[in-house]
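Reviewing the structure listed below.
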Amino acid sequence: MDKGKKNSNTFPASALHVMDGIEQPGQINEEALRKLKARKHKVYTAEELIAGILSGNRTLLSKAITLVESSLPKHQEQAQEIIAACLQIQNAKCKMQNSEISQAESPLSSIRVGITGVPGVGKSTFIEALGKHLTAKGHKLAVLAIDPSSSRSKGSILGDKTRMEELSVDPNAFIRPSPSAGSLGGVARKTRETILLCEAAGFDVIFIETVGVGQSETTVHSMVDFFLLLMLAGAGDELQGIKRGIIEMADAIVINKADGDNVQKAKSARVEYANALHLFPPPGSGWIPVADICSARSMLGIDHVWEIIVEHRETTTKTGFFQKRRMEQSRQVLFETIEDGLRNHFFSRKEIAHLLAKSEYEIMTGHVNPYKAAQELLEQYFTGSEVVK
Ligand code: GDP
């Protein structure tokens, strides 16, 4: 329809007539838009990213994390360069400070806290509440996630913008959704590297969130100093989908939603869990896991949860367990990285891919047994390679 005619005052008699909206203005400033786009797509050198991270620049930190998460060999190479440089500079700073204070007391040594619990227990509300408490105290908080469902849904538990609304605009908080692709092992490696970058950027408290439904808790436990399990009162362990093994890993169990009619139930649950937890003190740590209650909604007990985490840090630093746990985790990273590298190298070889497809078919049709097939594949892989004696 002709525009001039539509905008005229001669309305058709029909009640269904739709008024035209106003005409859209053109782009206000084409030049500004072009610059913005150019900045967004600018490729930074590793040196620029390292300098950016060390100066606490969150945009450059995000870009470096994107490299860590990328599977492109070129990006991986750059990511490793950045991580190595950040670690080297951090270590040098730590050594300088160590002449006066111990490493665990050093402000450069962050606290890494794993937070788990079934969907709906209140993890994001809790992280928002505790996070705001911490940034108000002057801490810098990074919130990362390990989300086993994200590779399937291509979404992420932290990708939803409505979660942690206040924290996501807090200048002292940095929220990064879970890397969305790859195996749990791959996601774990990326998260570990992301922790290092966040620490280099000055974040002294790192939260790693995961959904309490599977193997990811063990993974998160293997990269944190303190493991916190959020629970609800009045629902049995089975109902909450929490396995006994996860309770055994917890440094503290906090029963959330202790508000309104729920307070008494939460208090009873605390006694029950406190009894259960006394059975599982981590050997040599000097720490006896605690049970507590809180309300993320009303902020009740949130400050006390932080006091527990700080007390754990002090106790385990004195017993040497804090450092031992981190060293043990580093040792684990060494083995996991080697295993990952070997697996990737094995599966990326053309002749193996070909043989593997053949062996799979032969196994499925009952022509060969899997042990023999695996043996042959390994022999083929090692042919020509020197065996280390
Ligand atoms: P998540 O799935 O574990 O991250 O849980 P959410 O933080 O999204 O919370 C799930 C629901 O529980 C939301 O409706 C929250 O408002 C509510 N919730 C969270 N914490 C509390 C609390 O301390 N008290 C009450 N009454 N409700 C809460």
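In listed order, ligands and their atoms are each counted from 1.
- The nearest heavy-atom contact from the protein to atom 8 (O) of ligand 1 is S124 OG, 3.3 Å.
- Side-chain atoms of T135 and D170 form a donor-acceptor pair, as typed in the model, at a separation below 3.5 Å.
- The heavy atom nearest to atom 25 (C) of ligand 1, considering only L232, D259, I293, L300, is found in D259.
- At a threshold of 4.5 Å between non-hydrogen side-chain atoms, the residues L228 and F207 do not count as touching.
- Every residue two or more places apart in sequence or in another chain was checked for a side chain to side chain donor-acceptor pair (under 3.5 Å) with T59, and none qualifies.
- Residue N262 places every heavy atom at 4.0 Å or more from ligand 1.
- Nearest protein heavy-atom contact of atom 17 (C) of ligand 1 is R297 NH2, 3.7 Å.
- The shortest N/O to N/O separation between S298 and ligand 1 does not fall below 3.5 Å.
- For atom 20 (N) of ligand 1, the closest heavy atom belonging to the protein is N256 ND2, 3.3 Å.
- Within the 4.0 Å heavy-atom shell around ligand 1 one does not find G117.
- For atom 7 (O) of ligand 1, the closest non-hydrogen atom on the protein side is T125 OG1, 2.5 Å.
- Each of K318, R325, Q323 was compared with F321 under the side-chain contact (heavy atoms from CB on, under 4.5 Å) criterion, and only R325 meets it.
- Scanning the protein for heavy atoms near atom 21 (C) of ligand 1, the closest one is K257 CG, 3.6 Å.
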